[in-house]
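Have a look at the structure below, then the notes.
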Amino acid sequence: MTGILELRGVSQAYRLGRRSPFVTASYLQVLSNVDFAVRTGQAVGLVGESGAGKTTMTRILTGLERPQTGQVLFDGKDLWEMNAVERLEFRRNLGVVMQNPRSSLDPRMPVGSSLLEPLRSLGIDCDHVARVNEVIEQVGMASSVLGRYPHEFSGGQLQRIAIARALMTRPIVLIADEPVSALDVSIQAQVLNLLMDLVTDLNLALMLVAHDLSVVAYATSRVSVLAAGEIVETGQPLELFSRPKSKATQDLVAAVLTMEAGLAGRGLD
Ligand SMILES: Nc1ncnc2c1ncn2[C@@H]1O[C@H](COP(=O)(O)OP(=O)(O)OP(=O)(O)O)[C@@H](O)[C@H]1O
Ligand SMILES: [Mg+2]
């Protein structure tokens with residue numbers, strides 16, 4: 001089955017150290033022969049320890065970085081062979097949510113203006129104010145928040161606003177890189193629930209990236225495990241939890257269980 005957004009055989013290496021004719025170049029292999037697909041109406045998870053290459057994968061999927069080898073396909077078209085019109089269409093069809101909502105929203109602008117910005121920069125012709133009101137409601141907030149500034153909100157509220165911003169152009173794919181890791185545990189489930197509802201209501205393709213297996217297991221139906229730049233295992237969350245095959249998956253499961261066992265041991269369960 002093919003996806004709306006896909007990586008095929010993608011590898012990426014970064015050159016290390018200074019460029020000098022006296023130094024032999026050395027490279028850090030960050031991704032090796034990665035295949036990955038995001039499908040319409042489905043939430044897929046990508047999990048792996050810090051440094052595994054998750055953010056590099058999202059940068060390649062969003063077209064911020066060009067892979068050394070392999071292809072990025074959007075709706076079957078190679079991202080790096082698109083003309084300007086196709087590239088613009090791709091950018092409209094893609095929403096990105098990052099780890100820290102404070103860095104994706106301009107602190108000097110009321111949030112309503114931040115929400116308008118993608119419509120302006122990508123030249124979307126519609127009733128902009130009506131669209132802002134519609135989207136802020138879709139993320140469970142009142143339009144009275146639009147005149148307020150980022151510092152007036154909690155992390156969870158700001159992440160909702162950042163999600164609203166990502167939805168402004170009516171994307172069909174949403175990529176969320178660690179969207180809840182900067183939030184209080186008590187707020188994490190609310191933001192994940194919102195993302196899950198949006199997948200259903202808007203028939204989105206969602207890629208959810210996290211270093212915590214329980215986060216992706218909660219919110220997605222298929223999870224890939226990335227370890228040292230390779231996808232080592234893909235499966236349904238329950239399968240991965242109950243029968244982890246790779247060492248990397250076993251370590252991720254143990255990390256979750258250790259936390260639960262620790263809490264239970266302290267009488268907090
Ligand atoms: N521009 C770059 N130049 C050199 N090395 C880089 C660059 N970007 C990332 N790296 C290295 O590539 C590896 C993968 O980084 P990446 O940010 O993709 O990991 P990650 O899985 O997102 O980690 P985290 O969970 O900490 O966010 C790391 O070793 C990182 O130091
Ligand atoms: Mg990362």
Side-chain angles (χ1 to χ4, degrees), residues 5-20 23-38 43-72 79-80 94-104 155 159 162-163 166 173-183 185 188 191-192 195 206-220 222-234 237 240 244 246-256 258-259:
L5 185 58
E6 272 189 60
L7 297 183
R8 288 210 191 142
V10 160
S11 297
Q12 186 74 322
Y14 294 122
R15 192 186 166 113
L16 296 177
R18 286 206 202 129
R19 283 170 197 268
S20 152
V23 176
T24 318
S26 66
Y27 292 88
L28 176 69
Q29 190 68 36
V30 180
L31 294 176
S32 306
N33 199 23
V34 168
D35 293 321
F36 188 78
V38 192
V44 295
L46 179 72
V47 65
E49 62 170 20
S50 185
K54 305 182 297 295
T55 295
T56 305
M57 246 177 92
T58 65
R59 289 175 59 81
I60 291 173
L61 278 163
T62 53
L64 282 173
E65 247 179 66
R66 185 172 190 166
Q68 281 182 327
T69 51
Q71 282 184 305
V72 192
L79 198 63
W80 294 95
L94 184 78
V96 179
V97 179
M98 291 183 311
Q99 177 169 350
N100 186 351
R102 286 186 205 276
S103 56
S104 48
Q159 196 57 297
I163 292 169
V173 179
L174 196 62
I175 294 187
D177 188 357
E178 304 267 11
V180 299
S181 27
L183 304 180
V185 175
Q188 289 187 353
V191 172
L192 293 174
L195 288 169
L206 170 70
M207 176 189 183
L208 177 68
V209 180
H211 58 270
D212 182 339
L213 182 58
S214 58
V215 166
V216 290
Y218 180 80
T220 69
R222 197 169 54 92
V223 175
S224 291
V225 178
L226 189 70
E230 287 182 54
I231 305 261
V232 291
E233 199 165 341
T234 297
L240 295 187
S246 66
K247 170 81 170 58
T249 314
Q250 287 161 8
D251 289 348
L252 293 168
V253 171
V256 174
T258 308
M259 212 172 74

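Just so you know, residue 1 is the first one in the sequence shown, and it goes up from there. When a ligand or atom number is given, it counts from 1 through the structure's own listing order. Scope of the values below: all heavy atoms of this structure, side chains included, with no hydrogens, waters or symmetry mates.
Using a distance-only test at 3.5 Å, with no hydrogens or angles considered, no donor-acceptor pair links the side chain of Thr220 to the main chain of Ala217. Looking at Gln12, its side chain does come within 3.5 Å of a backbone N or O of Gln68 through a donor-acceptor pair. For the pair Ser11 (side chain) and Asn33 (backbone), a donor-acceptor distance under 3.5 Å is present. A donor-acceptor pair under 3.5 Å is formed between the side chain of Gln250 and the backbone N or O of Pro244. Between the side chain of Gln188 and the backbone N or O of Val180 there is at least one donor-acceptor pair closer than 3.5 Å. One N or O on the side chain of Lys54 and one on the backbone of Glu49 form a donor-acceptor pair closer than 3.5 Å.
Polar contact check, Gly48 against ligand 1: no nitrogen or oxygen pair lies under 3.5 Å apart. Considering backbone and side-chain atoms alike, Leu16 places every N or O at 3.5 Å or more from each N or O of ligand 1. On a distance-only criterion, Val30 and ligand 1 share no N/O pair closer than 3.5 Å.
When non-hydrogen atoms are compared, ligand 1 lies under 4.0 Å from neither the backbone nor the side chain of His211.
Here Ser50 fails the criterion, with no N, O or S atom under 2.8 Å of the Mg ion (ligand 2).
Regarding atom 26 (O) of ligand 1, its nearest protein heavy-atom neighbour is Ser50 OG, 2.5 Å. Looking at atom 11 (C) of ligand 1, its nearest protein heavy atom turns out to be Leu28 CD2, 3.8 Å. Protein heavy atom closest to atom 14 (C) of ligand 1, with residue, atom name and distance, is Gly51 O, 3.4 Å. Taking atom 5 (N) of ligand 1 as the reference point, the nearest protein heavy-atom neighbour is Tyr14 CD1, 3.3 Å. Considering only non-hydrogen protein atoms, atom 25 (O) of ligand 1 sits nearest to Lys54 NZ, 2.8 Å. Nearest protein heavy-atom contact of atom 17 (O) of ligand 1 is Thr55 CB, 3.7 Å.
The environment of CD in Glu65 is crowded: more than 12 heavy-atom neighbours from other residues, nucleotides or ligands sit within 6.0 Å.
Taking every non-hydrogen atom of Thr56 and a distance limit under 4.0 Å, the qualifying atoms of ligand 1 come out as 15 (O), 16 (P), 18 (O).
For the pairing with Phe36, the side-chain contact (heavy atoms from CB on, under 4.5 Å) check across Ile231, Ile60, Val72 returns one residue only, Ile231.
Contact between Ala52 and ligand 1 is present, with at least one heavy atom of the residue lying under 4.0 Å from the ligand.
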Check: Between Leu7 and Asp35, does a side-chain contact (heavy atoms from CB on, under 4.5 Å) hold up when you go through it step by step?
Finding: CA-CA 5 Å; Leu7 297 183; Asp35 293 321; over 6 Å; no

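For atom 31 (O) of ligand 1, no protein heavy-atom neighbour is present inside the 4.0 Å cut-off.
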